[in-house]
Every structure is written in C-alpha cells, then in structure tokens.
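One structure coming up, written as structure tokens, with questions to follow.
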2 protein chains.
Amino acid sequence: MTLTAGRPPARYGSRPTMKDVASRAGVGLKTVSRVVNGEPGVTAGTRRRVQEAIDALGFRRNDSARVLRKGRTATVGLILEDLADPFYGPLSRAVEEVARAHDTLLINGSSAHDANRERELALALCARRVDGLLVVPAGTDHRYLEPEMRAGIATVFVDRPARAVEADTVLSDNHGGARAGVAHLIAHGHRRIGYIGDVPGIHTSDERLRGYRTAMEEAGLPVRPDRVSVGSTAPQRVRRAAEEMLDGPDPVTALLTGNNRVTVTVVRVLAERQPHRPVALVGFDDFELADLLRPAVTVVAQDPAGLGRVAAQRLFARMAQAELEPSVVELPTRLVVRGSGELPPVD
Amino acid sequence: MTLTAGRPPARYGSRPTMKDVASRAGVGLKTVSRVVNGEPGVTAGTRRRVQEAIDALGFRRNDSARVLRKGRTATVGLILEDLADPFYGPLSRAVEEVARAHDTLLINGSSAHDANRERELALALCARRVDGLLVVPAGTDHRYLEPEMRAGIATVFVDRPARAVEADTVLSDNHGGARAGVAHLIAHGHRRIGYIGDVPGIHTSDERLRGYRTAMEEAGLPVRPDRVSVGSTAPQRVRRAAEEMLDGPDPVTALLTGNNRVTVTVVRVLAERQPHRPVALVGFDDFELADLLRPAVTVVAQDPAGLGRVAAQRLFARMAQAELEPSVVELPTRLVVRGSGELPPVD
DNA sequence: TCCCTGCCTGACAACGATGTCCGCACTCTA
DNA sequence: TAGAGTGCGGACATCGTTGTCAGGCAGGGA
C-alpha cells in the first residue's frame with residue numbers, strides 16, 4: 001500500500017544513492033558525502049570502506065540533487081546557429097577551453113538559424129539553471145531573456161548584438177572589414193563592384209553592407225541597387241544573384257561576398273564560367289582550402305577563436321561579479337591577400 | 001541564528017519558486033504545478049491568476065528539482081572528438097533532429113581527441129542523469145561506462161566501436177570503402193599505391209588500412225612497409241610521410257588518404273609540387289570544395305548524417321526498451337569519382 | 001431537505017544531496 | 001587524573017518540484 005507511496009511511477013533504471021552506500025559501508029550519510037566530495041574529517045580506514053562500497057554499487061552522485069541544494073551547476077551553455085558551419089568550430093573550441101579552465105562544463109546547442117529554436121533552447125538551459133549563457137543570436141528580439149538575466153543567469157552575446165536588450169556583447173569589426181575588402185578591390189582598379197550578402201536585418205549582414213557602401217562612397221563610386229543583393233544564403237538564391245550581376249548589361253568586374261556560405265557558392269559559379277573573363281573576389285570569413293583554389297581566394301578573416309575566448313572570459317567575469325556594466329567589444333578583422341582579389345578588372 | 005540555517009552560503013541570483021507564485025496568486029502550491037505543466041483540473045479563472053503571477057515574477061520551473069522528483073531529464077548527450085571537424089557537423093545535426101522529434105534536448109560535448117576528457121565528459125553527463133548517451137569513442141577502454149549502462153543510461157557508440165564493452169554501435173563500412181578506393185586506383189593502372197592514415201589502434205584507422213591491404217592482395221600487389229604510414233594527423237607528420245613516399249627511389253604513383261584531415265594536407269603537398277609528375281589521389285571522407293580543387297578530389301564518401309540518424313534512432317529505441325540485444329550496424333560508403341583518382345600512373 | 005457524485009484544490013511526503021550542529025571518543029596538558 | 005581541546009561521525013532540516021490523497025464545494029436526484 002504505502003510502500004510505493006510517492007514513488008515516481010517509472011523510475012528509469014534505478015541507481016544507488018548515498019544512503020545505499022552509507023548502509024553498505026556501515027557509516028552515516030554525511031560521511032559518504034564527505035568522501036565523495038573529498039572533504040576532510042574522515043579517517044583513512046573509513047574513507048576506504050566507503051570507497052569500496054561506492055565501487056561495488058557503481059554509485060555516482062546525482063548532480064540534480066546537488067544543484068538543488070547548492071544553487072550552482074558549474075555549467076554554461078553556448079547557443080550557436082549551426083554546429084556544421086565551420087565558422088563556429090574554433091569559436092566553440094575556444095569557449096570550451098576557457099570553461100574548462102574554470103572547471104565548468106560546456107553545453108553546445110544549435111538554433112538552426114531559427115529564432116524560435118534559439119528561444120526554446122535558451123529557456124531550456126535556463127530551466128536547467130546553467131550559470132551562464134553565450135548566445136549567437138538567431139532571433140531578433142531577446143527580451144525573453146531579461147527575466148533570466150535579472151534572476152542571475154550571466155549572459156553574453158557573440159558575433160551579433162541582442163535586440164532590445166542591454167548586455168555584454170563581443171563582435172567582429174564587420175563594417176571595417178567589409179570596407180577594407182572593397183577598398184582593396186578599388187585599389188586594384190575595380191569600379192563596378194557587387195555585393196552579395198546574407199539576409200538583411202541580421203547585424204553582421206547589415207554592417208558588412210554598410211562597410212561596402214562606405215568604401216564605395218569614399219572612392220566616389222555609385223552604389224547601384226542592381227549591384228547589391230541580400231537574402232538567404234541558399235545556393236540557388238546566391239547563384240541567381242551572382243549570375244544577374246555577371247551577365248547584366250553593365251556587368252561587375254569584382255565581387256564582395258558577405259560570408260563563407262555565400263563565398264563558396266560564388267566560387268563555384270565562377271569556376272563553372274572558367275572560359276569567361278575572370279572576376280575578382282573578396283570573401284568575408286576565411287575558410288579551409290581557400291588557399292588551394294585557383295585563383296586562391298582573398299578574404300577578410302575574422303578571428304572566431306578570439307570571439308569565443310573573449311566572450312567566455314567576459315562571461316566568467318560577469319558570473320563572478322554580476323554588477324559589471326554591460327560592455328561591447330569589437331575584434332579587428334584582417335585582410336588575407338591570396339590572389340582572387342588582385343585580379344585586374346576585365347570587361 | 002536559525003534564520004539562515006541550512007541556506008546555501010551564496011545563492012546565485014535568486015529566483016522565484018512555485019511557492020512564491022502560489023502565495024502571490026493566492027492558491028496552493030500544487031495548483032501552480034498543475035498550471036505550469038498544463039495538467040487538467042484547474043478552472044480558467046484560477047489558471048489565469050496563476051499565469052499572471054508567473055509572468056509578474058518571471059518564474060521558470062527549476063528542472064533540477066523536477067528531475068529529482070521524476071527521474072528523467074529528457075536530455076541526451078553526444079560526445080564527439082572535435083566540434084570543429086566538418087565531419088561531425090552533419091552528424092550532430094542529424095542527431096539533433098531525431099532528439100527534437102522525441103522532445104528531448106541534445107547536449108553536445110567535445111573530447112578533443114583525448115580519452116581522459118571523453119571519460120570526464122561522459123561521467124559528468126551521467127552525473128547530470130542524461131537519459132541517453134551517444135559517444136564517438138576517443139578512448140580505448142570504455143569499461144568505465146558499464147556501471148552507468150547497467151544503471152539505465154542508454155548508450156550507443158558511433159563511428160567506432162567501444163573497446164571491452166558490449167553495446168549498440170553504428171559504423172561506416174571502413175574496410176569496404178578503403179578497399180573500393182584502392183581497387184579504383186588499381187583499375188586505372190596504378191601498381192605503386194601508398195596509404196597515409198590516422199593513428200593505429202583507432203578502429204576506423206585500422207579498418208581502412210585493412211581495406212587497403214585487402215585490395216592490394218586481391219590484385220596480387222605487394223604491401224610494402226615503406227608505402228604505409230600511419231600516425232598523427234598533424235600536418236607536419238602527414239607532410240613528411242607524403243614526401244617520403246613521393247621522393248623515394250621507387251616512388252608511388254597514387255595515394256589513399258585515411259581521413260579528411262590527412263587528405264587536406266596531402267592535397268596541399270601535391271599542389272606545392274605542381275610542376276612535378278601528377279599523383280593520383282583518393283581520399284577517405286568527403287569534404288567541402290573537394291569538387292572545386294584542380295584536379296577535383298575523388299573520395300570515398302561516408303554518410304555522417306546517416307550515422308547520426310541511425311545511432312540516435314537506436315538510442316531512443318533502447319531508451320524505450322532497455323532489454324534489447326546490442327546490435328552493430330554498418331552503413332555503406334560511396335565512391336565519388338571526381339578526377340584525382342583517375343589520373344594515369346606517371347613515373 | 002439530504003446525500004451523493006464529481007470536480008477543484010491544497011496539505012504532505014518524497015526525490016538525493018549538503019550545511020549545520022551536536023555528541024562521542026580520543027589525545028594532550030596541567 | 002581531570003579538564004580542555006580536537007577529530008570524527010551522524011541526525012536533521014532543507015533545496016524546488018511532483019504524486020498521493022483527502023477535504024470542500026456545487027449541483028442534481030431522491
């Protein structure tokens with residue numbers, strides 16, 4: 001009758017608890033806790049007996065219970081857009097190194113470029129009471145995180161700022177990078193330069209477009225609407241945009257591409273047109289093998305590992321001291337000259 | 001005095017609990033629980049009052065406490081070697097899709113190719129009581145997971161089998177793939193074929209080497225020790241191995257490379273030697289832009305998304321029914337012909 | 001008018017671990 | 001040898017949530 005009272009209906013497996021260990025070792029509950037946590041105040045003999053019981057039963061501390069009592073999880077979450085995007089690999093790795101140095105577990109999650117999934121994921125991690133959260137925003141409104149941040153979940157935004165929320169942010173110099181890329185093409189004689197970028201409304205996308213405009217205007221060149229195309233990075237969309245700029249009545253002689261996904265597609269389009277006139281190209285984001293393509297691809301390189309490292313450091317600083325003023329850090333980009341950006345203009 | 005008794009020393013932030021919501025809404029604790037979990041048996045008016053209190057306080061259910069009570073976390077963990085390796089992107093994404101279909105959160109972690117970190121990470125996830133674990137083994141002995149598996153944590157190994165443990169496993173046909181790759185080179189007239197692979201002892205590495213041997217022996221060709229080099233995938237090591245095979249007294253005319261890291265380095269070495277005689281190449285693992293290199297790289301493609309999908313499905317099957325017999329599934333590979341493997345032998 | 005059914009609602013115990021505090025046994029010193 | 005100090009072990013409350021169960025209240029039938 002009362003034997004099962006209050007017992008969850010279907011316990012999954014069934015693990016030994018400290019109580020089991022204690023009774024097997026013939027000691028008190030708290031003594032087991034002391035052994036498990038390496039606290040002092042236990043004689044060597046007792047410690048050994050407890051350890052034997054732990055091994056025999058296959059005991060492992062239940063961290064949920066521990067968290068409930070202690071209030072901290074020693075866990076931080078990282079939400080990025082797509083684990084398969086090579087840009088995020090080094091970023092995630094850098095965050096992991098910092099977390100590890102703070103004896104903290106890193107949980108990686110992916111929003112798949114979807115604002116709802118980002119939100120779900122972030123809130124699920126909050127419900128699990130991560131101590132901190134690093135977010136590469138996919139959504140456009142992050143007010144849903146305000147109660148969580150007020151409640152003490154340290155939060156840092158990476159690569160893009162949050163909308164409608166004041167918080168620590170670590171960015172790349174998107175405007176300056178794009179501007180430098182276009183200036184480079186102009187310096188090599190190009191005048192008809194096109195820009196193919198990501199969906200407007202995304203911060204990185206908007207800033208890079210702004211950098212393109214700045215460079216064009218500084219050189220006194222017109223920014224023609226038919227030479228700017230922003231939208232999805234899906235290959236078909238990018239392909240069509242590139243073909244329109246290349247085959248129009250007044251074709252571009254050079255292109256700036258807004259991120260590595262776009263660059264790869266454009267490289268493919270240009271390769272297929274081989275016998276045609278060569279078109280100069282500068283890509284935003286470095287990517288593996290860029291140096292082995294012919295021509296090798298000149299890029300504006302970001303420092304994804306740096307983004308991750310700086311953001312993680314900021315996160316831990318905030319976890320240690322919640323009352324810091326929100327800061328925005330912008331990391332420089334670097335033009336890597338490889339050949340594709342140095343092709344002369346050909347009509 | 002007793003006011004703070006038992007209170008953790010430093011609660012991080014401080015969140016409202018169901019009790020706070022209950023007293024604000026003027027209802028009982030359990031009623032709040034019912035509203036939060038969408039359980040029936042609450043009138044619309046009460047429900048609304050509770051919801052208002054939740055919103056006003058910024059309440060979010062503490063999943064640690066919930067897990068403690070319910071015994072399941074609705075979370076699975078995926079441990080892979082390196083989040084930055086493009087091979088694992090699609091794998092992780094496929095797992096995430098399956099997990100999502102089961103209303104389960106996926107936690108990604110990386111072992112950084114280190115057996116100790118794999119172990120730490122796996123056990124940390126067990127301590128957090130994930131319901132299931134997908135592991136791409138980095139270590140060579142997985143007995144440490146036996147108590148966990150016995151205790152009910154469903155576990156599936158992906159890409160490589162676990163050592164010394166009987167468990168569900170999903171693999172690629174490494175032997176058959178490598179064999180097909182070498183047979184392809186032989187069919188194009190090559191006789192002096194080298195193999196450069198990953199560290200011996202890793203299952204994938206050993207199987208691919210075995211596939212190389214099989215194909216050579218089937219063609220009656222000798223397997224010479226100076227034409228087989230296995231070890232770290234660090235660029236220097238691979239570079240040296242390649243140069244020795246290419247510059248020796250009896251140089252190879254074709255190479256099979258054991259994974260995408262090795263392939264990329266070898267492509268780089270071959271590119272630097274451009275004016276030299278062309279060397280045929282078949283790489284294990286497909287990689288982005290392989291088709292855009294000149295010559296385009298012929299590869300033995302695995303199906304990383306398939307690995308992830310099948311493994312995740314198996315994991316959920318086992319979570320639903322723990323007494324399944326451990327199974328081993330092997331997914332086929334596919335030879336993708338692009339040019340580099342079809343170069344004729346040149347002395 | 002009274003009882004009974006059925007629906008809401010809330011009190012309470014329990015999940016597993018940890019912090020506090022008390023008590024015991026021992027050692028060291030006067 | 002007694003008193004004080006120290007080291008060690010254990011009882012108990014508590015963290016926030018959910019399952020159980022019983023009580024209260026309204027409405028309908030006798």
Side-chain angles (χ1 to χ4, degrees), chain A residues 1-23 25-47 49-50 54 57 59-74 127-129 151, chain B residues 1-23 25-47 49-50 54 57 59-74 127-129 151:
Chain A
M1 276 276 154
T2 51
L3 264 180
T4 58
R7 184 88 50 88
R11 279 178 58 197
Y12 190 75
S14 106
R15 307 209 52 144
T17 71
M18 284 195 179
K19 206 164 130 189
D20 301 324
V21 174
S23 71
V27 301
L29 188 56
K30 186 64 222 249
T31 300
V32 177
S33 168
R34 276 193 266 261
V35 171
V36 169
N37 295 294
E39 290 171 22
V42 184
T43 51
T46 308
R47 186 176 296 277
R49 270 208 331 279
V50 171
I54 288 176
L57 295 173
F59 167 82
R60 181 162 310 282
R61 184 177 63 197
N62 183 329
D63 271 359
S64 293
R66 173 171 224 249
V67 162
L68 186 56
R69 187 69 188 131
K70 300 203 68 141
R72 316 191 74 247
T73 51
R128 281 168 177 74
R129 296 293 188 271
Chain B
M1 278 272 157
T2 51
L3 262 181
T4 59
R7 185 88 50 89
R11 278 178 57 196
Y12 191 73
S14 105
R15 308 207 53 144
T17 70
M18 284 194 179
K19 204 164 133 189
D20 301 326
V21 174
S23 73
V27 301
L29 188 54
K30 186 63 222 253
T31 301
V32 177
S33 169
R34 276 192 266 264
V35 172
V36 169
N37 294 295
E39 289 171 23
V42 183
T43 52
T46 309
R47 187 177 296 277
R49 273 211 326 280
V50 170
I54 289 176
L57 295 173
F59 167 82
R60 179 162 309 282
R61 183 178 63 198
N62 184 328
D63 271 358
S64 292
R66 172 169 226 252
V67 162
L68 185 56
R69 186 68 189 135
K70 302 205 63 142
R72 316 191 75 246
T73 50
R128 281 167 177 75
R129 296 291 187 271

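Each chain gets a letter, A, B and so on, in the order the sequences are listed, and its residues count up from 1. Hydrogens, waters and symmetry mates are skipped; everything else that's a heavy atom, side chains included, is used.
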Q. B/V32 and side-chain contact (heavy atoms from CB on, under 4.5 Å): which partner among B/N37, B/T17, B/V21, B/D20?
A.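 One option only clears the test, and that one is B/V21.
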Query raised in the report: Would you say B/R129 and A/R15 make side-chain contact, with heavy atoms under 4.5 Å?
Result: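 Yes - at least one pair of side-chain heavy atoms lies under 4.5 Å apart.
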Quiz prompt | Test item: B/R128 and A/S64 side chains (from C-beta on) under 4.5 Å apart, heavy atoms | solution =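 They are not in side-chain contact.
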Does A/R69 contact C/dT18 through a side-chain donor or acceptor facing the base, at a distance under 3.5 Å?
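It does, because a donor-acceptor pair links the side chain of A/R69 to the base of C/dT18 below 3.5 Å.
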What does the list of N/O pairs under 3.5 Å between the protein and nucleotides 22-28 of chain C look like, with a distance for each?
none

**Study point:** Atom pair distance, as rounded to whole Å: CG in A/N62 and P in D/dC15
**Key:**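 A/N62 atom CG is separated from D/dC15 atom P by 18 Å.
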Quick tally for nucleotides 5-12 of chain C: nucleotides whose base has a protein heavy atom under 4.0 Å get B, sugar-phosphate-only ones S, the rest -, giving ---SBBB-
Item checked: Spacing of B/D63 atom CG relative to D/dG16 atom C1', expressed in whole Å ->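 Checked: the CG to C1' distance equals 11 Å.
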Quick check: on DNA chain D, is the nucleotide nearest B/E39 upstream (toward 5') of the one nearest B/S64, or the reverse? Name the residue that is more 5'.
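First, find each residue's nearest nucleotide; the 5'-ward one identifies B/S64.
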Tell me, please, which residues at least two apart from A/R61 pass salt bridge (charged side-chain N to carboxylate O under 4.0 Å, His left out).
->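 Salt bridge (charged side-chain N to carboxylate O under 4.0 Å, His left out) check on A/R61 returns A/D63.
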For the pair made of NZ in A/K19 and C1' in D/dG9, what is the distance, rounded to whole Å?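 Between C1' of D/dG9 and NZ of A/K19: 18 Å.
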- Task: Kindly give the heavy-atom pair with the smallest separation between B/V50 and B/A25, and that separation in Å.
- Result: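 Reported closest heavy-atom pair: CA-CB, 4.0 Å.
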Interatomic distance where CZ belongs to B/R72 and P belongs to D/dG19 [whole Å] =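 Going from CZ in B/R72 over to P in D/dG19 covers 13 Å.
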Shortest non-hydrogen separation from B/G38 to B/R47 and the atoms involved:
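Here B/G38 and B/R47 meet closest at CA-NH1, 4.4 Å.
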Min side-chain heavy-atom separation A/V67-A/R72 under 4.5 Å: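 No; the side chains remain at least 4.5 Å from each other.
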- For A/R128 and D/dG16, what is the distance between atoms CZ and P respectively, to the nearest whole Å?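 Value for this atom pair: 18 Å.
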- Message: What is the distance, to the nearest angstrom, from the CG atom on A/D20 to the C1' atom on C/dG16?
- Response: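 That distance rounds to 10 Å.
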Any donor and acceptor pair, going by atom type alone, linking the side chain of B/R34 with main-chain N or O of B/E39 inside 3.5 Å?
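Side chain of B/R34 to backbone of B/E39: no pair is present.
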query: Do any side-chain nitrogens or oxygens of B/K70 fall under 4.0 Å of OP1 or OP2 in D/dG19?
result: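 The answer is yes; a side-chain N or O of B/K70 sits under 4.0 Å from OP1 or OP2.
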**Report entry** D/dT17 OP1/OP2 closer than 4.0 Å to side-chain N/O of B/S33
**Finding:**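 No, no such contact exists.
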For the residue pair A/L57 and A/P16, what are the closest heavy atoms and their distance?
->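 Looks like O-CG, 3.3 Å.
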Please report the distance, rounded to the nearest Å, between CZ in A/R66 and P in D/dG16.
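These atoms are roughly 17 Å apart.
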Discussion item. From CD1 of A/I54 over to C1' of C/dA17, roughly how many Å is that when rounded to an integer?
Written reply: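 The answer, rounded to whole Å, is 13 Å.
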